[in-house]
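To keep things clear, I will list the structure first and then write my remarks on it.
Proteins come first, then strands; the chains are lettered A, B, ... in the order of their sequence lines, and each starts at number 1. Scope of the values below: all heavy atoms of this structure, side chains included, with no hydrogens, waters or symmetry mates.
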Amino acid sequence: MPEASDTLNQRIWQVVSAIPVGTVASYGDVAKRAGLPGYARYVGRVLRNLPPSSTLPWHRVIKADGRLAFMSGSDSERRQIACLTKEGVLVRRGRVDMKRYAWHQ
DNA sequence: TGGCTGACCAAGT
DNA sequence: AACTTGGCCAGCC
């Protein structure tokens, strides 16, 4: 059972900030690594609530099957694709090749 | 209290 | 690869 949400958020932020440049991790992976297996949706909510000024590499977090979580064609999706591409992660048809770019713990 | 909603996941077809 | 289904969990009415 979760403690104070501030503490949980900090754990999640810490995990996300540890994702190496040029790699990606799924929401479920981040949750598990933060000690919260099964809390993938919670991770998504935490990232959604991130302030615009945040420097956290939220763009390195995608769905488990390699697809981006945003609606196709949205501004958010375009921003994420731009960030990933700049880091060398190839995004094609809103999808990333997990075999190649997954963050292996 | 209870139903609805997601920046989700895994297995099946 | 595209879809569907059932499960999941906290926030917001």
Any residue meeting side chain to side chain donor-acceptor pair (under 3.5 Å) with A:N49, in chain and number order, not counting sequence neighbours: none

Nucleotides 6-13 of chain B: protein proximity per nucleotide (B base, S sugar-phosphate only, - neither; heavy atom, under 4.0 Å): BBBSS---

A:R67/A:D65 under salt bridge (Lys or Arg N to Asp or Glu O under 4.0 Å): CA gap, chis, key distance, verdict: CA-CA 6 Å; A:R67 289 182 303 168; A:D65 61 4; 2.9 Å; yes

Going by atom type alone, with no hydrogens or angles, which donor-acceptor pairs under 3.5 Å involve a side-chain atom of residues 83-91 of chain A and a protein atom two or more places apart or on another chain?
residue, atom, partner, partner atom, Å
A:T85, OG1, A:I81, O, 2.7
A:E87, OE1, A:R60, NE, 3.0
A:E87, OE2, A:H59, NE2, 2.9
A:E87, OE2, A:R60, NE, 3.4
A:E87, OE2, A:R60, NH2, 2.8

Same-atom distance (P) from C:dG6 to B:dA7, integer angstrom: 23 Å

Which residues share a salt bridge (Lys or Arg N to Asp or Glu O under 4.0 Å) with A:R79, sequence neighbours left out: none

Residues forming a side-chain contact (heavy atoms from CB on, under 4.5 Å) with A:S54, sequence neighbours excluded: A:L50, A:P51, A:L56

Restricting both atoms to N or O, compile the protein contacts to nucleotides 1-4 of chain B shorter than 3.5 Å, with distance only.
none

For A:Y42, all residues meeting side chain to side chain donor-acceptor pair (under 3.5 Å), sequence neighbours excluded: A:N9

A:Y39 vs C:dA10: side-chain N/O to OP1/OP2 distance below 4.0 Å: yes

Within residues 91-103 of chain A: residues closer than 4.0 Å to DNA chain B (heavy atoms): none

A:W103 side, atom CH2; A:I19 side, atom CD1 - distance, nearest 0.5 Å: 5.5 Å

A:Q14 side-chain N/O to A:Q10 backbone N/O, donor-acceptor pair under 3.5 Å: no

Qualifying salt bridge (charged side-chain N to carboxylate O under 4.0 Å, His left out) pairs, either residue in residues 92-104 of chain A, two or more places apart: none

Contiguous Watson-Crick or G-U pair runs (3 or more, under 3.5 Å) in DNA chain C: B:2-6 with C:9-13, B:8-13 with C:2-7

Pairs meeting criterion salt bridge (charged side-chain N to carboxylate O under 4.0 Å, His left out) with involvement of residues 38-57 of chain A, two or more places apart: none

Sub-4.5 Å side-chain heavy-atom contact between A:R78 and A:F70: no

Within residues 20-37 of chain A or reaching into it, pairs that qualify as side chain to side chain donor-acceptor pair (under 3.5 Å) - sequence neighbours excluded: A:S26-A:D29, A:R33-A:Q105

Transitive ILVMFWY side-chain link A:M98 to A:V61, under 4.5 Å: no

